[in-house]
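Below: the structure, in structure tokens.
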Amino acid sequence: MISFWRTWDKKKSKENYLIDGVVIKVNERRLQETLGFTGKAPRYGIAFKFEAEQVTTVVEDIVFQIGRTGVVTPVAHLRPVLVAGSTVSRATLHNEDEIRRLDVRIGDTVVLQKAGDVIPDIVRVLTEMRTSKEKSFAWPKRVEGCGGDGSIERIPGQAAWRCVVSDSFAQTQRKFYYFVSKKAFDIEGMGPRVIDALLDAGLITNFDDIFTLKKGDLLNLPRFAEKSVDNLLESIEKSRDVSLNRFLVSLSVPQVGEETARDVAANFGTLEKVMKATLEDFISIYGVGEVVAQSLHAWFLEKENKQLVLRLQKQVKIEAVKKAAASSKLTGKTFVLTGTLVGMSRDEAKVKILANGGEVSGSVSSKTSYVVAGENPGSKIDEAERLGVPVLDEEAFLKLF
DNA sequence: GGGCCTCGAGTTCC
DNA sequence: CTCGAGGCCC
């Protein structure tokens, strides 16, 4: 079942509201639950919008941003222009390939829109407006701020380039921004400007320095008086209790964001176990493949990282993940899946079982508690009958929850 | 009261 | 990426 919604600009009055698109959602609860969510949004709805307003402006410069993982991102500085309700002066150019695709040059007149009515997006260059004073833009070999001699390298198999040196000031700065952000330690009132001031004053070098800041030091910072300092120290105190997944997120381990951190935390439960994990342990986690496993394993093997974690452990309290997140209904039960399930994928069935304390195995043995058979089951069903293991169809399986 | 800063909202692309 | 609200400094 599909139904239609209208959305409108909430800033406009109800009388002359502006329909800016249509949202189509699956409106059956059960199906919504089956579809679930991605890390960011429900999978059971999608918005269709009218074509975005397009304007033209001039690219005044192209500069580079360095992210916390050292990835270098080109950004166009634009002559400020009003589009879809706000003045836009910058737009990401994403990467080398996008610059090639657009063939954008400094001085070019470009067509700009806001994708989804929010994010500035350069659509194309108006080549007919060229005056031949524009210089074609060559992707650089070095980027200022990258550290060392500024060299950058393209990541094999990816569109991104990253700084060769990994401990540049710019990157450290970004790592700190991320460390204190909502996704990680969530230190209220500690935004980019405050981090910059702390770095400037030499008060923080490593993440754990945040937790040993003294009132006297903070009072010396520009625009920091009694009230600000007390508030900041209080937020830092509050942040000392942290879940394992947010702790993992805070470390800026390459390839590990919120979703992966959750998977890793749920799998190991405690930081000690994560630190002792082998490459195989990481790979065996649902949602973690070879690339991510490799990255995690290498990160925790690094001596400096280990020391950082040990120092952080002295400053914060990491809450272990409670076993069997949803329930322990299926504790001690081992399942084997065969055939195609109608309402969910096999992986989803596995997650459901694990979340309720059960285990999933690949082959039927006397230790198997249940075989779950979907459509066109394989030989596992015969094996189950031979061993006297109960076989559940999808309906019976769902009743367990 | 002006100015600086953080935060949340809305959302896309890679 | 920008805007507006709200807190704090000076």
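Proteins come first, then strands; the chains are lettered A, B, ... in the order of their sequence lines, and each starts at number 1.
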Exercise. Identify whether any heavy atom of A:Glu188 sits under 4.0 Å from a base atom; if not, whether one sits that close to sugar-phosphate; answer base, sugar-phosphate or nothing.
Key: sugar-phosphate

Self-check item: Atom pair distance, as rounded to whole Å: CG in A:Leu93 and C1' in C:dC1
Solution: 13 Å

Quiz item: Is the count of non-hydrogen atoms from other residues, nucleotides or ligands lying under 6.0 Å from A:Lys141 atom NZ greater than 12?
Solution: no

Exercise. Give the rounded distance in Å between these two atoms: CD of A:Gln113 and C1' of B:dT11.
Key: 13 Å

Exercise. Can you figure out which of B:dT12, C:dT2, B:dT6 approaches the side chain of A:Val194 most closely?
Key: B:dT6

Quiz item: To the nearest angstrom, how far is A:Ile122 atom CD1 from B:dT12 atom P?
Solution: 19 Å

Quiz item: The side chain of A:Ser86 lies closest to which of these nucleotides: C:dC1, C:dC3, C:dC10?
Solution: C:dC3

Quiz item: Does atom CD of A:Glu144 have more than 12 heavy-atom neighbours, drawn from other residues, nucleotides or ligands, at distances under 6.0 Å?
Solution: no

Contacts under 3.5 Å, N or O only, protein and nucleotides 2-4 of chain B:
from	atom 1	to	atom 2	distance (Å)
B:dG3	N2	A:Arg223	NH2	2.6

Quiz item: Would you say the side-chain atoms of A:Asn206 pair up with the backbone N or O of A:Asp209, donor to acceptor, closer than 3.5 Å?
Solution: no

Exercise. Write down the distance between CG (A:Asp121) and P (C:dT2), rounded to a whole number of angstrom.
Key: 14 Å

Self-check item: Below 4.0 Å: OP1/OP2 of C:dG7 and any side-chain N or O of A:Asn231
Solution: no

Exercise. May I ask you to say what A:Val180 touches in the nucleic acid, namely base, sugar-phosphate or nothing, with a heavy-atom cut-off under 4.0 Å?
Key: nothing

Exercise. Respond yes when some side-chain nitrogen or oxygen of A:Ser89 is under 4.0 Å from OP1 or OP2 of C:dT2, and no when none is.
Key: yes

Quiz item: Using a cut-off of 4.0 Å on non-hydrogen atoms, how would the nucleic acid contact of A:Thr87 be classed: base, sugar-phosphate, or nothing?
Solution: sugar-phosphate

Quiz prompt | Residues, nucleotides or ligands: over 12 heavy atoms within 6.0 Å of A:Arg100 CZ | solution = no

Quiz item: Just to confirm, is there a sub-4.0 Å distance from OP1 or OP2 of B:dG8 to any side-chain nitrogen or oxygen of A:Lys182?
Solution: yes

Quiz item: Taking NZ from A:Lys114 and C1' from B:dA9, how many angstroms apart are they, rounded to a whole number?
Solution: 12 Å

Practice problem: Rounded to the nearest angstrom, tell me the gap between atom CG in A:Asp117 and atom C1' in B:dG10. | Solution: 10 Å

Exercise. Give A:Asp97 one of three labels, base, sugar-phosphate or nothing, depending on what nucleic acid heavy atoms sit under 4.0 Å from its own.
Key: nothing

Self-check item: Rounded distance (Å) that lies between atom C1' of B:dT6 and atom NZ of A:Lys227
Solution: 15 Å

List the atom pairs, donor and acceptor, that lie under 3.5 Å between side-chain atoms in residues 56-78 of chain A and the rest of the protein, sequence neighbours left out.
from	atom 1	to	atom 2	distance (Å)
A:Thr57	OG1	A:Arg79	O	2.5
A:Arg68	NH1	A:Ser252	OG	2.9
A:His77	NE2	A:Arg90	NH1	3.3

Practice problem: Grab the CG-C1' distance between A:Leu232 and B:dC5 for me, whole Å please. | Solution: 12 Å

Practice problem: Carefully, step by step, assess A:Phe282 and A:Phe268 under the rule ring pair (Phe, Tyr, Trp, His ring centres under 6.0 Å). | Solution: CA-CA 9 Å; A:Phe282 284 121; A:Phe268 292 111; 5.5 Å; yes

Practice problem: Would you name the heavy atoms of A:Ser369 and A:Val389 that are closest together and state the gap between them? | Solution: O-CG1, 3.8 Å

